[in-house]
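Right, one structure below, let's go through it.
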Amino acid sequence: MKYFLLTFLVVILLIVGTAGLRGRHTPGRPLEFFPDMVRQSKLKAQSPDKFFANGVSGQTQVAGTAPMGFGIPAHSAFSQLASESSGKAPESPERLRYTAGPDYYDTGKMGDQWGTGIPVEVTPELMERGRDRFMINCQVCHGGTGAGNGVTSKYGLNGIANYHDDKYLKMADGEIYDTITNGHNSMLGYGANLTVTERWAIVTYIRALQRSQLVKPEELPADERAALK
Ligand code: HEC
């Protein structure tokens with residue numbers, strides 16, 4: 001009898017507890033056995049936080065870096081920062097541009113045709129920048145000499161362009177520039193990773209790679225010609 005009453009009470013409580021309160025609204029918080037995701041330690045915009053030494057939750061950008069996923073607006077503080085960290089004279093904001101305007105420099109097009117010519121001054125520094133950016137961004141697929149035999153080809157990526165094919169020897173500079181900016185078929189674009197000038201620097205470097213495979217012995221400096229023999 002004692003157990004019957006106890007069981008009866010528990011059953012009644014369960015029924016009232018679950019069914020009886022249905023439809024009622026409570027202003028109180030629901031029971032939480034595990035804390036909800038909204039109540040967790042996190043950084044809140046515009047509020048102080050002890051996580052960082054300076055007590056500010058919204059940290060400012062590290063000097064000389066660009067936040068991921070954002071283009072750098074021309075005339076931003078970035079060119080200032082970049083020149084401060086490199087110790088060189090500030091580059092004109094033009095040269096740190098990612099966004100596209102309508103002219104050849106930005107689009108690779110002259111009218112509605114691909115144009116040819118490098119619209120920035122070709123200097124040893126530009127070539128070096130092109131080599132550097134090529135090695136970082138392109139070599140994995142296109143290979144160190146641009147023959148389309150980078151390391152990814154060993155892992156099954158097929159159809160990588162070989163810059164030494166006739167098609168690419170003849171291709172307009174602007175079209176190569178456009179491939180870097182927007183990609184081509186299965187190759188994705190690198191416009192978000194490389195400034196406009198860096199893209200032209202890579203075009204220049206690709207031309208140098210092509211030339212490197214075509215140079216005639218008599219065009220080499222005397223010492224290198226001697227080393228060939
Ligand atoms: C993930 C591998 C990969 C990377 C990285 C890569 N490419 Fe490519 N690239 C390809 C493939 C694949 C093709 C052939 C696409 C096609 O079908 O036309 C190609 C094609 C090209 C072409 C020829 C496009 C045409 O019009 O036929 C050029 C030029 C080129 N890449 C330049 C670059 C440059 C410059 C970089 C570095 C900024 C780069 N690629 C990075 C895979 C890559």
Side-chain angles (χ1 to χ4, degrees), residues 64-74 78-79 82 86 91-215:
T65 64
M68 278 183 76
F70 291 89
I72 295 173
F78 179 78
S79 37
S86 66
E91 282 196 76
S92 85
E94 276 296 288
R95 292 180 158 255
L96 285 159
R97 228 145 39 97
Y98 287 81
T99 48
D103 56 354
Y104 176 60
Y105 171 68
D106 281 306
T107 62
K109 277 194 168 174
M110 293 175 176
D112 48 12
Q113 306 268 355
W114 297 119
T116 270
I118 305 295
V120 292
E121 196 192 339
V122 178
T123 59
E125 292 75 37
L126 186 88
M127 295 289 288
E128 181 49 40
R129 186 71 176 165
R131 190 191 67 80
D132 177 66
R133 296 295 102 177
F134 178 86
M135 289 305 181
I136 292 171
N137 295 285
C138 324
Q139 186 204 20
V140 281
C141 292
H142 288 277
T145 61
N149 57 356
V151 68
T152 52
S153 60
K154 295 194 182 65
Y155 292 90
L157 187 68
N158 292 319
I160 306 171
N162 173 353
Y163 300 151
H164 307 294
D165 285 350
D166 207 40
K167 177 181 169 191
Y168 301 111
L169 296 176
K170 289 185 184 139
M171 185 173 273
D173 295 332
E175 190 170 356
I176 296 181
Y177 167 87
D178 181 72
T179 294
I180 302 175
T181 310
N182 299 312
H184 189 263
N185 296 338
S186 55
M187 183 189 134
L188 297 179
Y190 285 78
N193 306 19
L194 299 160
T195 65
V196 173
T197 304
E198 284 172 335
R199 292 171 224 162
W200 286 114
I202 293 177
V203 175
T204 316
Y205 185 67
I206 289 176
R207 291 308 189 203
L209 286 178
Q210 290 176 331
R211 185 101 177 85
S212 75
Q213 307 295 304
L214 295 173
V215 70

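Both ligands and their constituent atoms are indexed starting at 1 by order of listing.
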One finds that the ligand 1 atoms under 4.0 Å from a non-hydrogen atom of Ile180 are 35 (C)

Quick check for you: to the nearest 0.5 Å, what is the distance between Tyr104 atom OH and Trp200 atom CH2?
3.5 Å

Please classify the Leu157 to ligand 1 contact at 4.0 Å (heavy-atom distances, strictly less than): side chain, backbone, both or neither.
side chain

Does Met187 put an N, O or S atom under 2.8 Å from atom 8 (Fe) of ligand 1?
yes

N/O donor-acceptor pair under 3.5 Å between Tyr177 side chain and Ile202 backbone:
no

Checking heavy atoms under 4.0 Å, the part of Arg133 that sits near ligand 1 is neither

Should one rank Tyr163, Trp114, Phe134 by closest heavy-atom distance to atom 33 (C) of ligand 1, which comes out on top?
Tyr163

Could you tell me, atom by atom, which parts of ligand 1 come under 4.0 Å of a heavy atom of Ile202?
35 (C)

His164 side chain to Thr145 main-chain N or O, any donor-acceptor pair under 3.5 Å?
yes

Compute the minimum heavy-atom distance from Met171 to ligand 1 and say whether it is under 4.0 Å.
yes

Judged by heavy atoms only, the candidate from Gly148, Gly159, Gly189, Cys141 nearest atom 14 (C) of ligand 1 is Gly159

If you measure every N or O of His184 against every N or O of ligand 1, does any of those distances drop under 3.5 Å?
yes

Which residue supplies the protein heavy atom nearest to atom 28 (C) of ligand 1, what is that atom called, and how far is it?
Thr179 CG2, 3.6 Å

Asp173 side chain vs Gly117 backbone, donor-acceptor pair below 3.5 Å:
yes

Within the distance-only criterion (no hydrogens, no angle test), does the side chain of His142 pair as donor or acceptor with the backbone N or O of Ile160 below 3.5 angstrom?
no

Looking at CD of Gln210 and CE of Met171, how far apart are the two atoms once the value is rounded to the nearest 0.5 Å?
9.5 Å

Hey, looking at atom 36 (C) of ligand 1, which of Gly130, Ser153, Gly150, Cys138 has the closest heavy atom?
Cys138

Counting heavy atoms only, which of Tyr168, Tyr177, Tyr205, Tyr190 comes nearest to atom 27 (O) of ligand 1?
Tyr168

4.5 Å side-chain heavy-atom contact, Asn149 and Asn162:
no

Presence of N, O or S from His142 under 2.8 Å of atom 8 (Fe) of ligand 1
yes

Relative to atom 20 (C) of ligand 1, which among Gly146, Ser186, Ala161 owns the nearest non-hydrogen atom?
Ala161

Please verify whether a non-hydrogen atom of Arg199 lies at under 4.0 Å from ligand 1.
no

Would you say Ile206 contacts ligand 1, with heavy atoms under 4.0 Å as the rule?
yes

Donor-acceptor check, side chain of Thr204 to backbone of Met127, threshold 3.5 angstrom: yes or no?
no

Which residue owns the protein heavy atom closest to atom 29 (C) of ligand 1, what's the atom, and how far is it?
Ile176 CG2, 3.9 Å

CA sep, side-chain torsions, deciding dist, call: Tyr190, Thr179, side-chain hydrogen bond (donor to acceptor under 3.5 Å, both in side chains)
CA-CA 8 Å; Tyr190 285 78; Thr179 294; over 6 Å; no

Criterion salt bridge (charged side-chain N to carboxylate O under 4.0 Å, His left out) on Lys109 and Asp178, from CA distance to verdict:
CA-CA 9 Å; Lys109 277 194 168 174; Asp178 181 72; over 6 Å; no

Look at the side chain of Arg199 and the backbone N and O of Gly191, then say whether any donor-acceptor pair between them is shorter than 3.5 Å.
yes

I need the contact type for Leu188 against ligand 1. Using non-hydrogen atoms and a strict under-4.0 Å cut-off, is it side chain, backbone, both or neither?
neither

